[in-house]
Amino acid sequence: MALQQTPFYSLCVALGGRMTAFAGWQMAVQFGGISLEHEAVRTRAGLFDISHMGKFELHGKGAIAALNQLVPSNLARLQPGQAQYTVLLNPQGGIIDDLIVYRSPDYSAGQRLMMIVNAATTDQDKAWLLDHIDPEAATLVDEFRDRALLSVQGPQAANLLAPLSTVDLSHIPAFGHGESRILGAPAFLARTGYTGEDGFEIMTDAATGLALWDALMQAGVTPCGLGARDTLRLEAAMPLYGQDIDDQTTPLESGLGWLVHLEKKGDFIGRSVLEQQKQSGMQRRLVGLTMTDRAIARHGYPVIYQDQVVGTVTSGTLSPTLKIPIALAYVPTPLARIGQFLEVDIRGQRRSAQVIKRPFYKRSRP
Amino acid sequence: MAFEYPENLKYLDSHEYARVDEEEADLVIVGITAFAIDQLGDIVFLELPEVGEAVEKGESFGAIESVKAVEKLNSPVTGEVLERNDVLLDAPEYITNDPYGDGWLIKVKAKNLEEDLEDAMSHEEYKLKVGG
């Protein structure tokens, strides 16, 4: 299949972006360099093209109730203008995808939910939703694929975006969203992101997206690629689908217990498995690691304890902000305590590692 | 982007270069090319063998890591490590400044120098391969 291009493809190439195939799309890995882009987001503001991500709406009188059957979070409490990070679960409690659900103001035919999902899983998510949502209750609307989706992230993101938006951004709290006009055109604006910083995700038509990109760059925002997106999310210990979480891992195992609301909602797909895990405890857990030896643990490296392979590293890098090696790894629950010493097999050599608190990086809030 | 590939070096598919020392017999200085460094991005970590260790042609003698990836380093020759670049081990990011000079990785006393380098690429062949 030919690789798809977002509205920003030519622009990214012209900016010297190093392009790569990602989930069927041609995307920029980096522009000026991962460390430089990473630092820009932590200290000022960075701009990401995330138009490759899947975007659906669910319309209808029973939209919330229908989607609530497919996720472990309680969507019934979601008010218009609010968003919830959650996961679609299979009957085994495994994660089909992680996504953000944004509830928009109701319209005449009922409720309206925007869903932003991973690029690689867009088609299978759509199939799952169509299979499991009664068309009487809600309709899946898949007409946003060509939209521009930009993410501007960093401590200065709000200040730099504010002059371009008709809506006062200070009225949008974290995980809030709303409709605005950006450079004269209608836009969906959400205070969400995947970097651990304050920031906004903006969906609009392609032409307005391009104009917004230019305006933000003129305002001094640094263009960033998928490389920095990965190191930023990893410092914030946000899981990457297909790497840290997948259809074999449950949200309880993968540190996403905070989005499982068993007491507050009724049945949903996967519930019985989560209940059982909660009762009898998990076999394994996703933990944060740092290397106490000079080495970087990476995806797929075995975790060792007392000469036995006990787990696997799912993500790892040298933290650009903290300058220490960081990693996420699944280990048996008894070894998941903060401070626990373990080893990681790094290309045939055992290196010492220690379980540390997640997230590795947390921004200081003003 | 166009990079420099010095004429007097031999190049491997896996982007290492071999510089045959002009003075000391069978001495080969091994490094990696500017192209490879650029592809990797910000270099954060190097793993090199100890002095005295044996290396083998086509086999891994260490690793170079950037923020995003790790790549094995393959030796262009069989022999013994005479020296390694300890300065670079402490500050791997410096490799970017001068990959063919101060950014060398190891110096090897080669056993079969000419035979080992027979099938290595010239700078022109390598340049064609990396398209630049």
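Naming: A, B, ... by sequence-line order, numbering from 1 per chain.
Within 6.0 Å of NZ in B:Lys111 there are 12 or fewer heavy atoms belonging to other residues, nucleotides or ligands. Crowding of B:Tyr100 atom OH: a count of heavy atoms from other residues, nucleotides or ligands under 6.0 Å exceeding 12.
Interatomic distance, NZ of B:Lys68 versus CG of A:Asp230, reported as 11.0 Å (0.5 Å rounding). Atom CG of residue B:Asp42 and atom NE2 of residue A:His38 lie 11.0 Å apart, to the nearest 0.5 angstrom. Rounding to the nearest 0.5 Å places CD of A:Gln349 at 5.5 Å from CD of B:Glu47.
With a threshold of 4.5 angstrom between heavy atoms, B:Ser60 does not approach chain A through any atom at all. Looking at A:Ser35, the atoms closer than 4.5 Å to chain B (heavy atoms on both sides) sit in the backbone and in the side chain alike.
Ranked by heavy-atom pairs under 4.5 Å with chain B, the first of A:Thr317, A:Leu318, A:Ile296 is A:Ile296.
With hydrogens and angles disregarded, no donor-acceptor distance shorter than 3.5 Å links the side chain of A:Arg18 to the backbone of B:Gly41.
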